[in-house]
Q: 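Have a look at this one before I ask anything.
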Amino acid sequence: MKVLVATQKPFAKEAVDKIREIVEQAGYEFSLLEKYEDKAALIDAVKDANALIVRSDKVTREVLDAAPELKIVVRAGAGYDNIDLEAASEKGVVVMNTPGQNSNAVAELALGLMVYAARGFFNGKPGTELKGKTLGIHAYGHVGRLVAKIAKDGFGMIVSAYDPFIPAEKIEADGVKVYDNVEELYANNRYVSLHIPANEHTIKSINYDLLSKMPKGATLVNTARKEVINEDDLLKVMRERDDFKYVSDIAPDNGELLLEKYNERCYFTPKKMGAQTAEANINAGIAAANQIVNFFKNGDTTFQVNK
Ligand code: 3PG
């Protein structure tokens, strides 16, 4: 049984060591492909793999076709928009994620981006504080919930959320106000933090209609996916409103243009950094390795996302 870890953006060394340990203790072979330059390297590496651990690496139909022995792919992380679920299901390959394992790292970065924006990207001029400001959490999953907690308990922000998939009582139990209408979330919050996945329902869904509703001094924080933003609409809002800021862990496709025109109001991390901490790597890596062992030894499919 061969378990391949294929990560263009490598895990911290401690995470790789722990994954290797779990895999070898189970009696399986461990194989590592890091920092590969092109998909040909991945295609070559998967040819005899029975299990695959990836991060944002693209597991396309072509990759799956090249892996006849593959039984399971675990995305060590939350979002699985990088994996062709349809192709995997057709081939009988189980796909899992490791929900919650890297959430704290992403949540901390979301708050870091908020502070950075509030302080004018450290330009030396007086900025503003987060205390007492309104923050809307768009999607209250693992990351959204942690952002709400840190913002409320740590920074003294006034936090509300919109998530049609989570019962209002559950969110309210955290002391967070619930909006059952997404427009109201945007209209009532100076900060909005995005935590929606990228899928057919959400791609380009953050549009002019929503963004233009945000109050004066608005900041949109995106540690989710660049694909959920309607970039033309974002550009329009940035052009029309000199009070609007956009901070993101993922540069948009029109990022250069935005930075060229509005560099005092937008910031993008040079590389996607949200889950890039030793702790998140270790948590997600260990979970991925354990899920694979549990799948092969006990048939456990708890975290399967292509059921
Ligand atoms: C996730 O979906 O878990 C995050 O976006 C992290 O992605 P990464 O593993 O590529 O850093």
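In this text the structure is predicted, and so the values were computed from the model without any measurement. What's counted below: heavy atoms across the whole structure, side chains too, no hydrogens, waters or symmetry copies. Note that ligands are numbered from 1 as they come in the structure, with each ligand's atoms numbered from 1 the same way.
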Q: How does Gln276 reach ligand 1, by side chain, by backbone, by both or by neither, if only non-hydrogen atoms under 4.0 Å count?
A: neither
Q: Lys272 heavy atoms, cut-off 4.0 Å: which ligand 1 atoms fall inside?
A: 4 (C), 5 (O), 6 (C), 7 (O), 8 (P), 10 (O)
Q: Please test Ser56 against Arg75 for side-chain hydrogen bond (donor to acceptor under 3.5 Å, both in side chains), starting from the C-alpha separation and ending with a verdict.
A: CA-CA 8 Å; Ser56 291; Arg75 191 284 188 241; 3.2 Å; yes
Q: Checking side-chain hydrogen bond (donor to acceptor under 3.5 Å, both in side chains) for the pair Tyr140/Asp174: CA distance, chi angles, key distance, verdict?
A: CA-CA 11 Å; Tyr140 204 74; Asp174 292 343; 2.6 Å; yes
Q: Heavy-atom contacts with Ser56 under 4.0 Å: which atoms of ligand 1 show up? List them by number with element.
A: 7 (O), 8 (P), 10 (O)
Q: Roughly how far, to the nearest 0.5 Å, is CD of Gln291 from CE of Met96?
A: 6.0 Å
Q: Which of the numbered atoms in ligand 1 are under 4.0 angstrom from any heavy atom belonging to Arg225?
A: 1 (C), 2 (O), 5 (O)
Q: Have a look at Arg75, Arg55, Lys9 and point out the one with the heavy atom closest to atom 1 (C) of ligand 1.
A: Arg75
Q: Quick one: which ligand 1 atoms are inside 4.0 Å of a heavy atom on Gly77?
A: 3 (O)
Q: Please check this pair: side chain of Asp84 against backbone of Thr60, looking for a donor-acceptor N/O pair closer than 3.5 Å.
A: no
Q: Do side-chain atoms of Asn298 reach the backbone of Asp300 as a donor and acceptor pair under 3.5 angstrom?
A: no
Q: With respect to Leu194, which candidate in Val143, Ile229, Asp249, Val147 satisfies the side chain to side chain contact (heavy atoms under 4.5 Å, CB included) definition?
A: Ile229
Q: Any idea which atoms of ligand 1 are less than 4.0 Å away from a heavy-atom of Gly79?
A: 1 (C), 2 (O), 3 (O)
Q: Please state which part of Asn102 comes within less than 4.0 Å of ligand 1, counting heavy atoms only: side chain, backbone, both or neither.
A: side chain
Q: Given Ala78, Ala275, Gly100, identify the one with the heavy atom nearest to atom 3 (O) of ligand 1.
A: Ala78
Q: Do Asp57 and Tyr36 have a side chain donor and acceptor closer than 3.5 Å?
A: yes
